[in-house]
Amino acid sequence: MNYWLFKSEPNDYSIEDLARDGEAIWDGVRNYQARNFLRQMEEGDLAFFYHSNIKPPGIVGLAKVARSGEIDPTQFDPNSKYFDPKATPESPRWQTVAIAFVEKFPHPLELSVLKARFSTDELLLVRRGNRLSVMPVGEKVAEEILEIFRG
DNA sequence: GCCAACGTTGGC
DNA sequence: GCCAACGTTGGC
């Protein structure tokens, strides 16, 4: 089982939205490094849900990978801002996963706290200038984060 | 509003 | 294939 982190702007899609929907196809990722992480995900993997572009940014909840190997439907939709003219149903370019809501944490775990606690080697998220919207989280760090809430 | 980081585009 | 220009992300 692996741990991941998903960034989302809450104005766009928040942990509350995921709680309401129960499940969501994580569409719109158009970065190859992030896509490769999405391809590596397996059903049952846990994912921290992170709110970006908000004050303060931070981890706000937990989700899990409900299905892997989903085809991102927005790549075929000419009306979508994620439309990719080079993608065809016969050879799609963008795969993703469906995630399911697990829990909203009782309080956000702010980026400033994460930076104080974890080095850039331990947690990619805290690396300056990191723009990946989907990234792996090491098991040790993941368990420490869960421990904060389950102590 | 600023700007660091970095991915993408396009001319050559 | 190189690389400058440009655009986007996202923290501060």
Side-chain angles (χ1 to χ4, degrees), chain A residues 2-21 23-41 45-65 68-99 101-138 140-149:
Chain A
N2 293 304
Y3 297 95
W4 308 93
L5 184 141
F6 285 62
K7 275 187 199 171
S8 188
E9 300 188 17
N11 289 338
D12 216 41
Y13 197 82
S14 69
I15 188 74
E16 289 82 11
D17 292 327
L18 183 61
R20 178 200 61 212
D21 297 341
E23 198 176 291
I25 290 183
W26 207 251
D27 60 20
V29 172
R30 293 293 179 270
N31 170 287
Y32 286 105
Q33 204 181 345
R35 185 200 63 183
N36 293 341
F37 288 135
L38 287 164
R39 284 178 169 174
Q40 291 170 28
M41 293 182 191
D45 284 358
L46 288 175
F48 295 103
F49 200 101
Y50 177 90
H51 279 175
S52 67
N53 254 329
I54 190 182
K55 291 178 184 177
I59 291 172
V60 292
L62 191 65
K64 70 179 175 192
V65 175
S68 59
E70 291 275 312
I71 303 299
D72 184 336
T74 61
Q75 66 191 306
F76 307 128
D77 177 3
N79 296 317
S80 168
K81 70 173 185 174
Y82 302 119
F83 177 60
D84 183 345
K86 292 178 186 157
T88 64
E90 294 74 36
S91 62
R93 305 177 91 201
W94 304 102
Q95 292 82 34
T96 186
V97 298
I99 60 169
F101 178 77
V102 174
E103 66 180 296
K104 179 184 173 182
F105 292 142
H107 61 87
L109 183 53
E110 296 181 13
L111 179 61
S112 59
V113 175
L114 292 166
K115 281 185 167 172
R117 180 144 178 172
F118 301 112
S119 72
T120 54
D121 287 339
E122 289 173 310
L123 182 59
L124 270 179
L125 176 75
V126 304
R127 186 185 297 171
R128 177 174 189 71
N130 168 49
R131 298 189 307 164
L132 265 184
S133 62
V134 171
M135 70 192 83
V137 177
K140 178 171 159 288
V141 170
E143 285 174 356
E144 277 189 55
I145 293 171
L146 292 173
E147 183 73 13
I148 289 168
F149 294 107

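Model, not experiment: these values are computed from the prediction. First the proteins, then the strands, lettered A, B, ... as listed; each starts at 1.
Taking the charged nitrogens against the carboxylate oxygens, A:K140 and A:E122 do have a contact shorter than 4.0 Å, which makes a salt bridge.
On the nucleic acid side, DNA chain C has its first and last nucleotide under 4.0 Å of a heavy atom of chain A at C:dG7 to C:dC12, going 5' to 3'.
Not counting sequence neighbours, A:E143 has no partner by the salt bridge (Lys or Arg N to Asp or Glu O under 4.0 Å) test. For A:T120, the side-chain hydrogen bond (donor to acceptor under 3.5 Å, both in side chains) test picks out no residue, with sequence neighbours left out. Listed by chain and residue number, A:K104 satisfy the salt bridge (Lys or Arg N to Asp or Glu O under 4.0 Å) test with A:E16 (two or more places apart in sequence, or in another chain). A:E103 meets the side-chain hydrogen bond (donor to acceptor under 3.5 Å, both in side chains) test with A:R150; sequence neighbours excluded. Residues meeting the side-chain contact (heavy atoms from CB on, under 4.5 Å) test with A:S112, sequence neighbours left out: A:E110. Looking at residues two or more places apart in sequence or on another chain, you find a side-chain contact (heavy atoms from CB on, under 4.5 Å) between A:I54 and A:P10, A:H51.
Where the helix from B:dG1-C:dC12 to B:dC12-C:dG1 starts and where it ends, the local axes point in directions that differ by 10°; five pairs per end, rounded to 10°.
Each salt bridge (charged side-chain N to carboxylate O under 4.0 Å, His left out) pair with one or both residues in residues 23-32 of chain A, not counting sequence neighbours, appears once here: A:E23-A:R67, A:R30-A:D72. For residues 73-89 of chain A, the salt bridge (charged side-chain N to carboxylate O under 4.0 Å, His left out) pairs, not counting sequence neighbours, are A:D84-A:R93.
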Apply side-chain contact (heavy atoms from CB on, under 4.5 Å) to the pair A:F49 and A:V102, showing each step before the final yes or no. CA-CA 10 Å; A:F49 200 101; A:V102 174; over 6 Å; no

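Ring pair A:F149/A:H107 is tilted by interplanar angle, where 30° to 60° counts as tilted.
Using a 4.0 Å cutoff on non-hydrogen atoms, the parts of residues 107-120 of chain A near DNA chain C are A:L111, A:K115, ordered by number. Using a 4.0 Å cut-off on heavy atoms, the residues of residues 121-138 of chain A that approach DNA chain C are A:R131, listed by number.
Screening A:W26, A:F37, A:F48 for a ring-ring contact (aromatic ring centres under 6.0 Å, His included) with A:F6, the sole residue that qualifies is A:W26.
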